[in-house]
**Student:** 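Structure provided below as structure tokens; questions to follow.
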Amino acid sequence: WDWIHVSGQMQLHPAVRCIRAIRFLRVFKLASRIILIMWRFSASVRSEYGQAVLQMAGLLFCFFVIIHWVACGWYGIGTMHLYSESWTGAHLTGESSLAYSYVTSVHWSITQFTPASMEITPTNTVERS
């Protein structure tokens with residue numbers, strides 16, 4: 001359902017949106033399980049080098065999850081159609097695939113966390129805030 005809604009092929013009833021928001025809480029359950037697995041695995045690693053590599057992998061995983069969330073939020077804001085202009089209308093064509101839109105959003109998200117630049121900029125008040 002999420003991909004159908006994101007691609008704009010189907011409008012969801014507000015009650016279904018509420019259920020989707022409640023379903024989002026499963027992410028926290030998944031995160032706690034991943035943390036538990038990482039903790040158990042790190043307890044079995046005996047070397048300092050292995051511990052350091054495992055900690056870096058965990059931090060990179062968290063970084064990529066945050067980048068994914070920001071990218072999805074940025075794409076969602078751009079497709080809300082609250083204003084006549086949005087970054088999706090200015091930079092994505094009607095022929096742009098969902099994959100291209102996602103990669104563009106991820107690229108924008110990465111540039112917000114690193115000293116990089118990108119030609120995609122906010123075009124309305126909601127995107128700026």
Side-chain angles (χ1 to χ4, degrees):
W1 287 95
D2 294 335
W3 289 107
I4 292 172
H5 179 65
V6 168
S7 65
Q9 297 175 358
M10 182 176 161
Q11 293 295 328
L12 296 178
H13 190 271
V16 175
R17 288 185 200 156
C18 185
I19 291 170
R20 287 177 58 220
I22 292 170
R23 223 177 48 186
F24 179 72
L25 296 175
R26 293 186 307 177
V27 171
F28 296 110
K29 185 177 181 181
L30 177 65
S32 67
R33 286 184 182 174
I34 291 173
I35 290 170
L36 180 64
I37 290 169
M38 293 285 287
W39 183 77
R40 286 182 181 168
F41 185 69
S42 69
S44 67
V45 175
R46 300 287 182 217
S47 70
E48 285 184 36
Y49 178 75
Q51 288 284 335
V53 168
L54 192 60
Q55 287 178 353
M56 286 178 49
L59 288 173
L60 280 173
F61 177 76
C62 291
F63 182 68
F64 288 126
V65 166
I66 291 169
I67 284 175
H68 168 75
W69 285 347
V70 170
C72 290
W74 177 245
Y75 182 75
I77 289 171
T79 57
M80 285 188 342
H81 304 295
L82 296 176
Y83 294 90
S84 60
E85 278 188 27
S86 70
W87 77 268
T88 54
H91 298 286
L92 299 176
T93 65
E95 298 173 2
S96 297
S97 67
L98 186 60
Y100 180 79
S101 302
Y102 176 74
V103 170
T104 303
S105 299
V106 166
H107 184 194
W108 178 87
S109 178
I110 289 171
T111 61
Q112 302 311 301
F113 291 99
T114 60
S117 63
M118 185 166 186
E119 69 277 354
I120 295 178
T121 57
T123 58
N124 61 47
T125 308
V126 175
E127 292 175 354
R128 282 196 191 280
S129 57

**Student:** Is the gap between the ring centers of W87 and W108 under 6.0 Å?
**Tutor:**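 No.
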
**Student:** Can you tell me how far apart OG1 (T79) and CH2 (W74) are? Round to the nearest 0.5 Å.
**Tutor:** 11.5 Å

**Student:** Going from CG on L54 to CH2 on W39, what distance comes out if it is rounded to the nearest 0.5 angstrom?
**Tutor:** 13.0 Å

**Student:** If you draw a 6.0 Å radius around CZ in F41, do more than 12 non-hydrogen atoms from other residues or ligands fall strictly inside?
**Tutor:** no

**Student:** Taking the six-membered ring for Trp, are Y102 and H68 closer than 6.0 Å centroid to centroid?
**Tutor:** yes

**Student:** CD of Q51 to CE of M56: how many Å apart, nearest 0.5 Å?
**Tutor:**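 Reported value, rounded in 0.5 Å steps: 13.5 Å.
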
**Student:** What about M38 and F28, same hydrophobic cluster or not, with Ile/Leu/Val/Met/Phe/Trp/Tyr joined at side-chain heavy-atom distances under 4.5 Å?
**Tutor:**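 Hydrophobic grouping puts M38 with F28.
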
**Student:** In the single-linkage hydrophobic clustering (I, L, V, M, F, W, Y; side-chain heavy atoms under 4.5 Å), do F63 and I35 co-cluster?
**Tutor:**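 Each belongs to a different hydrophobic cluster.
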
**Student:** For a quick test of reading the model, state the closest non-hydrogen atom pair linking Y75 to S105 and the distance between them.
**Tutor:**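 What the structure gives for the nearest pair is CB-OG, 3.5 Å.
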
**Student:** So how far is it from L59 CG to Q55 CD, rounded to the nearest 0.5 Å?
**Tutor:**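 Rounded to the nearest 0.5 Å, the CG-CD separation comes to 7.0 Å.
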
**Student:** To the nearest 0.5 Å, what is the distance between CG (L30) and OG (S32)?
**Tutor:** 7.5 Å

**Student:** For F113, does the CZ atom have more than 12 heavy-atom neighbours from other residues, nucleotides or ligands under 6.0 Å away?
**Tutor:**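 Enclosed.
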
